[in-house]
Structures are given as C-alpha cells and as structure tokens.
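Step one of this worksheet: look at the structure below.
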Amino acid sequence: AALRECAAALESGHSAPAHEAQARSEALRRRIDVPLPKALSARFADVEARYGELSRWQRWADNQRRQQLCEEIEALPGSGLHPDAVANKVREAQLAWSRLDALEGGSARAGDLNRRFHAGCRAALAPAQGYFKKRHELRQSQAAGIRDLLDRHAALAADSEDWPAIANLRRET
C-alpha cells in the first residue's frame, strides 16, 4: 500500500506525499528480515528508481531557488530599503528556505548554500541593528511612561475629589 501511494504521488508529481510514502515503505522494508518476493522487489526497485529521479530533480530545482534567495538576500544591504522592509524581506526569504527544506522531506544538508544564505541574512540585518536598538529603547521609555501614568492613576483614590489632579491625569492619559 505504501509503495502504491508512493507510485501514485510520483505519477501525479506531488513530492511531499511521495516523500512520506517512501519513508513509510522504507521503514516497513527494514522491518522485514526475509527477502521480498520477486514481484514486490521489482516494484520496490521501480518505485525507488523513480523516487530517486524525483529527488534529484527536486534538489536541483530547490538549489536553483536557494541560489536565487541567496542573491536576493545579498543584494539587500546596498538596496537603501528601510530597516523594517529589510527585516520583512529576510523573514520572507527564511520562510521560503524553510518551505524548501520541508518539501525535500528534511533531506536537505547544511552545505555551502545554507551557510551562504544564513551569512547573507546576518549581513543584511547588521546595518539595521542600530535602528532596531533605538526603536526598542524608545518603546521601552514609552512603556515606562505609560506604567508611571497608570501607577499615578492607581494611587489616586477612587473617591478622590481632587479635580485638578484628576483633570491633569486625564489630559496626560
């Protein structure tokens, strides 16, 4: 059944189900201690050959896409984009990279393209780090101001009739 599923997925060109079915059939094959019947062995060899071809073509196509992602990421530092736009592009590229890894069924190896991509991501984000740090500091100071305002509001008694203080606090809020 797993071989039939794998063959059907290969025939329809759906790589993710083919990876899953191939992994199941391989796991089942390893559990069998005796030689497979000749017909089943021939079917297994046929499916494995087709699966190997699909895997090679997919790896080639995925590596072409990975190459393209590396080039896009490496072009970001000199693009003049806003730091948030750079961060969004890096995040989108990382998501695309993860999808490629998932499509290959986790068989992708950490190679030169992988190192190049991750180094490119770090290099693209490096010039924006100062901006992100300043923005974080600004948000922290604004959060501290809001906390102070809320503390002063909490300190004001519920039945207080200090109308000038209430008006000031309301204006600040």
Side-chain angles (χ1 to χ4, degrees), residues 1-140:
L3 282 176
R4 276 193 299 277
E5 286 178 37
C6 188
L10 289 168
E11 191 64 36
S12 65
H14 295 111
S15 61
H19 288 300
E20 292 170 8
Q22 191 277 339
R24 277 196 318 275
S25 66
E26 186 62 36
L28 290 170
R29 182 177 181 221
R30 277 193 226 114
R31 289 179 28 201
I32 299 173
D33 293 333
V34 296
L36 294 175
K38 193 173 189 176
L40 186 58
S41 182
R43 174 132 175 130
F44 194 84
D46 178 52
V47 170
E48 281 296 308
R50 290 174 48 213
Y51 177 77
E53 182 179 354
L54 171 80
S55 294
R56 285 188 299 280
W57 276 110
Q58 182 178 1
R59 195 168 299 115
W60 178 84
D62 290 349
N63 281 340
Q64 295 300 310
R65 179 64 180 132
R66 284 184 176 97
Q67 179 77 26
Q68 185 182 31
L69 286 170
C70 287
E71 291 167 2
E72 291 172 8
I73 289 296
E74 290 167 348
L76 286 176
S79 67
L81 290 173
H82 187 275
D84 286 327
V86 170
N88 284 337
K89 293 225 181 249
V90 167
R91 196 172 311 118
E92 289 168 3
Q94 288 171 332
L95 183 61
W97 194 274
S98 296
R99 273 184 288 206
L100 290 174
D101 286 345
L103 281 174
E104 289 184 358
S107 66
R109 297 184 186 124
D112 292 339
L113 280 177
N114 198 31
R115 284 188 290 279
R116 178 181 169 193
F117 176 74
H118 293 294
C121 289
R122 285 188 299 275
L125 291 172
Q129 292 305 317
Y131 169 80
F132 294 135
K133 185 177 179 184
K134 281 288 190 195
R135 183 173 66 185
H136 178 71
E137 290 170 0
L138 178 63
R139 286 180 177 173
Q140 291 296 338

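Just so you know, residue 1 is the first one in the sequence shown, and it goes up from there.
- At distances below 3.5 Å, not a single donor-acceptor pair connects side-chain atoms of E53 with backbone N or O atoms of A49.
- The two residues P17 and H14 come nearest to each other via the heavy atoms CD-O, 3.5 Å.
- Annotation: the span from E74 atom CD to C121 atom SG amounts to 9.5 Å, rounded to 0.5 Å.
- Ring planes of Y131 and H82: perpendicular class, angle over 60° (limits at 30 and 60°).
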- prompt: Would W97 and C70 count as a side chain to side chain contact (heavy atoms under 4.5 Å, CB included) if you check the C-alpha gap in whole Å, the side-chain angles of each, and the deciding distance to 0.1 Å?
  reply: CA-CA 10 Å; W97 194 274; C70 287; 4.1 Å; yes

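- At a cut-off of 3.5 Å, with distance as the only test, no side-chain donor of Q64 or Q68 sits close to an acceptor on the other residue.
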task: Take R66 and D101 through the salt bridge (Lys or Arg N to Asp or Glu O under 4.0 Å) test and state the conclusion after the steps.
output: CA-CA 10 Å; R66 284 184 176 97; D101 286 345; 2.6 Å; yes

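- Each of E26, R56, Q22 was checked for a side chain to side chain contact (heavy atoms under 4.5 Å, CB included) with Y51, and the lone residue meeting it is Q22.
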- prompt: Between E48 and C6, is a side chain to side chain contact (heavy atoms under 4.5 Å, CB included) present by the stated rule, with each step listed?
  reply: CA-CA 9 Å; E48 281 296 308; C6 188; over 6 Å; no

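- Within the model, atoms CZ of F117 and CD of E71 stand 13.0 Å from one another, a figure rounded to the nearest 0.5 Å.
- For the pair R65 and E72, the salt-bridge criterion is met [side-chain N within less than 4.0 Å of a carboxylate O].
- Here the shortest heavy-atom pairing between V47 and A7 reads CG2-CB, 4.0 Å.
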field: Step-by-step side chain to side chain contact (heavy atoms under 4.5 Å, CB included) determination, Q129 to K133
entry: CA-CA 6 Å; Q129 292 305 317; K133 185 177 179 184; over 6 Å; no

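- Residues A21 and A2 approach most closely at CB-O, 3.7 Å, considering heavy atoms.
- Here the side chain of S79 pairs a donor or acceptor atom with the backbone of L76 at under 3.5 angstrom.
- Within the model, atoms NE2 of H19 and CG of L10 stand 9.0 Å from one another, a figure rounded to the nearest 0.5 Å.
- Taking the side chain as every heavy atom from C-beta outward, E20 and E5 never approach each other to under 4.5 Å.
- No side-chain heavy atom of V86 sits under 4.5 Å from any side-chain heavy atom of K89.
- Remark: R43 CZ to L36 CG distance equals 13.0 Å, nearest 0.5 Å.
- Taken to the nearest 0.5 Å, the CG atom of L113 stands 10.5 Å off from the CG atom of L100.
- Remark: R115 engages D112 in a salt bridge, criterion side-chain N to carboxylate O under 4.0 Å.
- Here I73 contributes atom CD1 and Q94 contributes atom CD; the two are 7.0 Å apart, rounded to the nearest 0.5 Å.
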message: side chain to side chain contact (heavy atoms under 4.5 Å, CB included), that's the test. Do R50 and D46 meet it? Break it down for me.
response: CA-CA 6 Å; R50 290 174 48 213; D46 178 52; 3.8 Å; yes

